[in-house]
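Taking it in order: structure first as structure tokens, then the write-up.
Since we're looking at a predicted model, the values are computed, not measured. Atoms considered below: every heavy atom in the structure, side chains included; atoms not considered: hydrogens, waters and symmetry mates.
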Amino acid sequence: MNQNVLILDCDGVIFDSLPLIDEYVQKIKYEASDAYSDELDFEELKIRAMLHRYEKERSNNPEEYGLIQKRIKNIEKRRIEHYDYKDLVLEEVISEYQNRINYDEIYQLENTFDGVINMIYTIYGKGLFNEIYVLSHVNCEREIIAKKKFFKKYLPMIKFVPVKFHLDSFYNEDGEKNIKRLRTNKIEYFRNYTGIRDLSSSYFIDDTESIINEARKIGVAGAYYKNGSSKTVDLLTKVSFEAIGVVDKNIKR
């Protein structure tokens, strides 16, 4: 089945919600936050620069070299712990992390990117697509409810598809960390959920490059990566032009 549908990510594409969520996470467990992750990245850059200098100088100080290696391994260990904490907090796995993030406060009209809601209405009004979907990674039930509430109120014509970031639980049946669980492939989930296998006439906007690459791999006609310097309304404009057959040579995918 081939349909020309428009698929939009939610966080980072419709909502400028990620910084707002991280404000809560920092208060709940700082080591789970994006701010902490950024600190690790900066610390690692400095240490690796130091390591590169020692290697370039052919340093004969094995003690100092070994210390640098230990610091790098320590950062790698802390980064693994960071992602574990992040999952535990966002998925509300343990009681102390439950009901701490106010998703109803986050998913409000004032937290959407400028012009996005109006642009979606414009695209819908022109009938450029058979359907418009919002395909959103989610972590807990309260997040799903808050998003559904928003779209029912402000974009009732779209179809909302929540996708658990991890389909498997954090802990396995033995109470140990489930090391096999992976991030859910959103676009493959979408195809299975909707039954739309052929997306060669459809368009997709997401703010995660690896997810866009997955979409391109299965043949989505126009898969656009929204990076930090791009605006959703501009990408929606480009998608609109392509959908009606107007080719812009300046379009970068």
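Partners of Ile218 under the side-chain contact (heavy atoms from CB on, under 4.5 Å) rule, at least two apart in sequence or in another chain, are Ile187, Glu188, Arg191, Leu199, Val220. By the side-chain contact (heavy atoms from CB on, under 4.5 Å) test, Asn102 pairs with Tyr24, Asp104, Glu105, sequence neighbours left out. For Phe165, the ring-ring contact (aromatic ring centres under 6.0 Å, His included) partners two or more places apart in sequence, or in a different chain, are His137. For Glu43, the side chain to side chain donor-acceptor pair (under 3.5 Å) test picks out Arg78, with sequence neighbours left out. With sequence neighbours left out, the side-chain contact (heavy atoms from CB on, under 4.5 Å) criterion links Ile117 to Ile14, Leu109, Thr112, Tyr121, Phe150, Leu155.
Under the 3.5 Å distance criterion, with hydrogens and angles disregarded, a donor-acceptor pair is assigned to the side chains of Glu39 and Tyr30. Between the side chains of Lys147 and Ser136, at least one donor N or O lies within less than 3.5 Å of an accepting N or O. Defined by atom type and a distance below 3.5 Å, a donor-acceptor pair is present between the side-chain atoms of Asp11 and Tyr107. Donor-acceptor pairing under 3.5 Å is recorded for the side chains of Ser230 and Asn227. In summary, the side chains of Asn213 and Glu209 do not present any donor paired with an acceptor at a separation below 3.5 Å, with no hydrogens or angles considered. No side-chain donor from either of Asn4 and Ser202 sits under 3.5 Å from a side-chain acceptor of the other.
Thr232 places a side-chain N or O within donor-acceptor distance of the main-chain N or O of Val13, the cut-off being under 3.5 Å. At distances below 3.5 Å, not a single donor-acceptor pair connects side-chain atoms of Arg181 with backbone N or O atoms of Leu167. Checked by atom type and distance alone, the side chain of Glu44 never pairs as donor or acceptor with a backbone atom of Leu40 at under 3.5 Å. Judged by distance alone, the side chain of Thr208 and the main-chain N or O of Ser210 form no donor-acceptor pair under 3.5 Å.
Screening Tyr154, Phe190, Phe151 for a ring-ring contact (aromatic ring centres under 6.0 Å, His included) involving Phe160 leaves a single residue, Phe151.
A 4.5 Å side-chain heavy-atom check between Leu90 and Ile101 finds at least one atom pair inside the cut-off. Counting heavy atoms from C-beta on, the side chains of Tyr97 and Leu88 come closer than 4.5 Å. No side-chain heavy atom of Phe170 sits under 4.5 Å from any side-chain heavy atom of Asn178. When side chains are defined from C-beta on, Asp206 does not count as touching Lys226, because their heavy atoms never get closer than 4.5 Å. For the pair Met157 and Ile132, the minimum side-chain heavy-atom distance is 4.5 Å or more. Ile7 has its side chain out of reach of Ile205: every pair of non-hydrogen atoms, C-beta onward, lies at least 4.5 Å apart. Two residues are said to be in side-chain contact when any heavy atoms from C-beta on lie closer than 4.5 Å; Leu6 and Ile123 meet this criterion. Using a 4.5 Å heavy-atom threshold, the side chains of Glu214 and Arg183 count as touching.
Between Lys77 and Glu81, at least one side-chain N (NZ, or NE/NH1/NH2) sits under 4.0 Å from a carboxylate O, which counts as a salt bridge. Salt bridge present: Arg142 and Glu92 bring a charged side-chain N and a carboxylate O closer than 4.0 Å. The pair Lys186-Asp9 meets the salt-bridge criterion, since a charged nitrogen lies less than 4.0 angstrom from a carboxylate oxygen. For Arg79 and Asp41, the salt-bridge test passes: some basic side-chain N is under 4.0 Å from an acidic carboxylate O.
The ring-ring contact (aromatic ring centres under 6.0 Å, His included) contacts involving residues 71-96 comprise nothing, where partners must be two or more places apart or lie in separate chains.
Closest approach of Arg197 to Asn192, counting heavy atoms only: NH1-OD1, 2.7 Å.
Within 6.0 Å of the CD atom in Glu110, the count of heavy atoms belonging to other residues, nucleotides or ligands exceeds 12.
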